[in-house]
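Read through the structure below, which is laid out as structure tokens, and then see the notes.
Read the numbers this way: they start at 1 and go in the same order the structure lists the ligands and their atoms.
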Amino acid sequence: MGKKLIRGARVIDPACGRDEPCELLLEGGLIAAVGHDLPAEGAQTINAAGLVAAPGLVDMHTHMREPGFEDKETIATGTAAAARGGVTSILAMANTCPVIDRPERVADFYNRAMRSAKVRAYTVGAVSLGMQGKEITDVEDLLSAGAAALSDDGVPLMNAEIMREALIRMKPSGLPILSHSEDGDLVRAGVMNEGALSRKLGYKGRPAVAEELLLVRDGMLAADVGGYVHVCHVSTKGSVDYIRRMKAAGIHVTAETCPQYFTLTEEEIEKQGAMAKVNPPLRTRADVEAILEGLEDGTLDCIITDHAPHTAEEKARELPKAPSGMVGLETSLALSLTVLHHQLGWPLMKVLRAMSTAPAGILQLDAGSLRVGAPADIVLFDPEETWTVRPEAFASKGRNTPFAGWELKGRVRCTVVGGETVYDAEAAR
Ligand code: DOR
Ligand code: ZN
């Protein structure tokens, strides 16, 4: 494992509040020293002048599609996309084929990841067998096999009894159930946000209350049993309000949102059709404002992508027949920097915390920190460089982004996992 010295960077570590120019010495896959005039003998020097060095991002909500949907993505291509996006740890959802609902399938995921993953790859286990919402999985065995959390993400878990039991059985681990909060009956066949625009366009909608209903239910269940629920991809103002109130009431709830929910509104459906179709759907300007407020005041703990690759053929279908989801791994940092840091003036530290330290904490991963002894998982980025989103240049197989052509400010230059460079913008040119 090569020794590396990262020189000249502005080092930002949300885990300890450090924000200063200094050096990072990487050795044996770990951070060996942080400071000034560190010994450079035998070390490969990385000149990071003008760049920010931060803990590699932790994306706790991605879809890697392997096994079963390798035409959309594989662990190899999905984690290559992560590396390009500065993401050093990903959590893959269980809605593969077969569903990751048994310990052998968790083990199979890790075997595949060992062979092909370019960044640290973790999997969730399903909460219900086959994600059918009828029978609970073997929670303890899934965790023992290495599931990093449990979730039926992709479909709403409507069975409150299963959710309640899963929350109880997760308690010894301290890990959350990740809840795709949308009431399945209320969103059935809905293709976009329900409201004036869906009525105008003549599409069946997915009402905001569907999301709010399920997350309040899950919060109540967590309160009842002393469990921990993490709300996936929050998209509505009401959700932010309810989560804020649940947190104030002492309920163990955390929550995430995605760049698409603080940058885009339902109007994208009119402009971009299926490219803007996602579950939960893009909402209104008032929702976008509330999501930003929720991130600002910490009601929403982290920013994840919900990276959901689909093929060009699938996304070319008419809206009701096209699958939901958008890729995000290669644009999330730049979108977050552009909007939150450059446009809204948030400190870089705050943005980076929501993308690394916070999700690492939720999943109890040894990540999201640059302390001595931590894994040497690092992103180097130029906060000022502008670039244009070109989906055809993505490492992901999925080109389904609604951000094609956007000019963004902030670009990943280098990603390091366990002391090894897994992405280098110079080499990739
Ligand atoms: O839009 C979505 N796509 N939302 C989900 O919850 C699942 C995801 C997928 O798997 O494509
Ligand atoms: Zn989901």
Q. Name of the H180 N, O or S atom nearest the Zn ion (ligand 2)?
A. ND1
Q.
Salt bridge or not between R411 and E385? Use side-chain N to carboxylate O under 4.0 Å.
A. yes
Q) Distance only, no hydrogens: is a donor on one side chain within 3.5 Å (strictly under) of an acceptor on the other, for S396 and E330? A) no
Q: Considering only NZ, NE, NH1 and NH2 on the basic side and carboxylate oxygens on the acidic side, decide whether R10 and D19 come within less than 4.0 Å.
A: yes
(Q) Could you measure the distance from the CD1 atom of I136 to the CG atom of N159? Nearest 0.5 Å is fine. (A) 9.0 Å
Q) Can you name the N, O or S atom of D153 that is closest to the Zn ion (ligand 2)? A) OD1
Q) Any N/O/S atom, backbone or side chain, of H61 lying under 2.8 Å from the Zn ion (ligand 2)? A) no
Q: From the options H180, Q260, E182, select the one residue that forms a side-chain hydrogen bond (donor to acceptor under 3.5 Å, both in side chains) with H233.
A: H180
Q: Please name the residue in the list D287, V278, I303, V288 that meets the side chain to side chain contact (heavy atoms under 4.5 Å, CB included) test with Y261.
A: V278
Q.
So if I only count non-hydrogen atoms and take anything under 4.0 Å from ligand 1, which residues does that give, chain by chain?
A. H63, R65, N95, D153, G154, H180, H233, V278, N279, D306, A308, H310, S324, G325
Q. Any chance the rings of H63 and H307 have centres within less than 6.0 Å?
A. no
